[in-house]
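In the text below, chain A, chain B and the rest are named by the order of the sequence lines, each starting its count at 1.
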Number of protein chains: 2
Amino acid sequence: MSLAHAILGWLNVEPMTGYDLNQVIEISTQHFWSTSQSQIYRTLSKIESRGWVAKEVIMQADRPPRKVYHITEAGQSELESWIVTFHKPLPPRIPWLIQVFFAGQVSDEAIVSVLEKKLANLRQRLQKISASRAISASQFDEDEDPRDVFYWMLTIDYGETNLQAQIDWIGRTLEKIKSREYEKLNLAALKGSPGEQDKNHV
Amino acid sequence: MSLAHAILGWLNVEPMTGYDLNQVIEISTQHFWSTSQSQIYRTLSKIESRGWVAKEVIMQADRPPRKVYHITEAGQSELESWIVTFHKPLPPRIPWLIQVFFAGQVSDEAIVSVLEKKLANLRQRLQKISASRAISASQFDEDEDPRDVFYWMLTIDYGETNLQAQIDWIGRTLEKIKSREYEKLNLAALKGSPGEQDKNHV
DNA sequence: TGCTAATATATGCGTACGCATATATTAGTA
DNA sequence: TACTAATATATGCGTACGCATATATTAGCA
């Protein structure tokens with residue numbers, strides 16, 4: 001339940017409504033955890049029933065009432081213990097590698113076209129995340145704790161590094177496919193000498 | 001529905017039972033798409049009702065009947081069109097970056113400990129995937145199409161490259177935290193000159 | 001005048017998934 | 001003797017999620 005803890009993390013900064021949370025999560029963590037509006041409200045209800053947050057309802061004349069949530073002591077202790085615990089990673093889900101895995105069943109041109117679109121998509125996401133670095137930099141309060149800023153920036157750095165690594169890999173892979181490297185693949189060598197695998201390292 | 005298409009991909013190689021599929025998927029694609037036994041049977045039912053596969057029931061004396069599924073023409077055309085189409089990537093879900101994002105709320109030591117465990121976990125997965133490269137190499141039939149083998153190996157290569165990139169990033173990041181790089185962070189420079197961001201590039 | 005965006009919360013519906021368990025039998029091991 | 005693994009399929013239960021929609025009002029724009 002990572003979303004629950006992302007919400008706790010934000011409410012530990014300051015009390016907020018579901019509407020506020022939706023916006024702040026969208027601009028700050030969308031490169032490693034995105035969500036939907038409905039999911040935010042549902043998760044708020046759930047963690048309220050667990051006693052991790054509590055709300056204060058503020059009536060408004062011309063708008064729905066604002067339900068301002070704040071973190072409780074139980075919530076703070078849950079949050080802290082979650083942050084400092086190593087959690088088993090989610091099982092990897094990379095659907096486009098299924099396409100690569102079965103690419104032998106289609107033409108080289110077809111899979112090249114898919115990878116080129118993937119490449120364009122990755123470049124676009126890299127641009128977006130680099131822009132978000134500049135945006136968040138421009139929005140820092142003067143009194144923002146540099147240590148907080150450092151950790152926020154680390155997640156952007158990870159996004160950029162990871163995206164760039166994917167872009168590089170696909171670039172190299174496209175070259176291999178276009179040069180028909182599989183024609184040079186030596187199956188016997190692949191099987192025979194595990195110590196010399198680098199020669200066939202695709 | 002990527003699992004449906006992974007199943008179609010395998011059934012396009014040869015007819016199989018759900019039990020067989022569970023095993024072959026576990027050893028071949030677990031580094032980019034893992035699943036559970038129950039999910040395989042449910043997905044088989046679903047794609048059968050869509051007409052993508054059909055089954056032949058073979059009675060056995062002392063075991064449950066084998067339901068051998070084979071791909072239909074409709075299934076083949078669905079599979080091919082899926083493989084050659086660019087699909088919008090799933091929204092990224094990287095829970096441990098939520099921990100990094102809110103690490104300012106705990107001690108450096110606490111987050112360092114989490115990242116060190118993450119590092120150990122990544123190294124373990126890298127070892128496992130490198131071993132699987134050797135294993136699959138040793139299991140190739142002599143008559144395996146080198147082009148198929150090439151694409152299979154690409155997915156392993158991606159896994160290794162990506163894992164190594166993550167390992168490297170966490171290594172660099174641990175150094176930054178331990179050297180308290182955030183003390184040198186210049187907020188004003190970060191805000192002022194977008195062209196010189198590299199100076200503060202964490 | 002009519003549309004859209006912003007403010008604010010809430011629910012219904014369907015999908016995909018994992019975990020646990022049920023059923024049934026044989027073969028091998030402690 | 002009692003367990004575990006292997007063979008083989010199937011279902012119940014709960015979770016997390018996204019998409020669409022509902023409700024209600026104001027402000028701004030075309």
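Counting non-hydrogen atoms of other residues, nucleotides and ligands closer than 6.0 Å to CD of B:E116 gives a total above 12.
In this entry the distance linking CG of A:L90 with P of C:dC19 reads 12 Å, nearest Å. Atom CD1 in B:I25 sits about 11 Å away from atom P in C:dC17, given to the nearest Å. Between the CG atom of A:L21 and the C1' atom of C:dT9 there is a distance of 13 Å, given to the nearest Å. Straight-line distance from the CG atom of B:D20 to the C1' atom of D:dA8: 10 Å, rounded to whole Å. Atom P of nucleotide C:dC17 and atom OH of B:Y41 are separated by 17 Å, given to the nearest angstrom. With rounding to whole Å, B:I40 atom CD1 is found 14 Å from C:dA16 atom C1'. Separating the OH atom of A:Y19 from the P atom of C:dT7 is a distance of 4 Å, rounded to the nearest angstrom. Computed from coordinates, the A:M59 CE to D:dA24 C1' distance equals 12 Å when rounded to whole Å.
For A:Q39, no side-chain nitrogen or oxygen approaches OP1 or OP2 of D:dA16 to under 4.0 Å. Contact between the side-chain N/O atoms of A:T35 and the OP1/OP2 oxygens of D:dC17 is not found at any separation under 4.0 Å. Within the structure, a side-chain polar atom (N or O) of A:K46 is placed less than 4.0 Å from OP1 or OP2 of D:dA16. The side chain of A:Q23 contributes an N or O atom lying less than 4.0 Å from OP1 or OP2 of C:dT7. Look at A:R93 and you won't find any side-chain N or O under 4.0 angstrom from OP1 or OP2 of D:dC17.
Pair assignment for C:dA22 gives D:dT9, based on Watson-Crick or G-U wobble hydrogen-bonding distances that are each under 3.5 Å.
At the heavy-atom level, A:P65 lies under 4.0 Å from the strands shown only through sugar-phosphate atoms. Within 4.0 Å of A:S45, counting heavy atoms only, lies no atom of the nucleic acid at all.
In the interface, the side chain of A:R42 is paired with the base of C:dG12 through a donor and an acceptor atom under 3.5 Å apart. Residue-to-nucleotide contacts include no donor-acceptor pair under 3.5 Å from the side chain of B:S38 to the base of C:dC17.
Of the N and O atoms on the side chains of B:N12 and B:Q76, at least one donor lies less than 3.5 Å from an acceptor on the other residue.
For the pair A:S113 (side chain) and A:E109 (backbone), a donor-acceptor distance under 3.5 Å is absent.
B:W96 has its ring centre less than 6.0 Å from the ring centre of A:Y158.
A salt bridge is absent between A:R50 and A:E78: the closest approach of a Lys/Arg side-chain nitrogen to an acidic carboxylate oxygen does not fall below 4.0 angstrom.
In this structure, of C:dG18, D:dA20, C:dA8, it is C:dG18 that holds the atom nearest to the side chain of B:S36. Taking the side chain of B:W33 as heavy atoms from C-beta on, and the options C:dC17, D:dA16, D:dT9, the nearest nucleotide is C:dC17.
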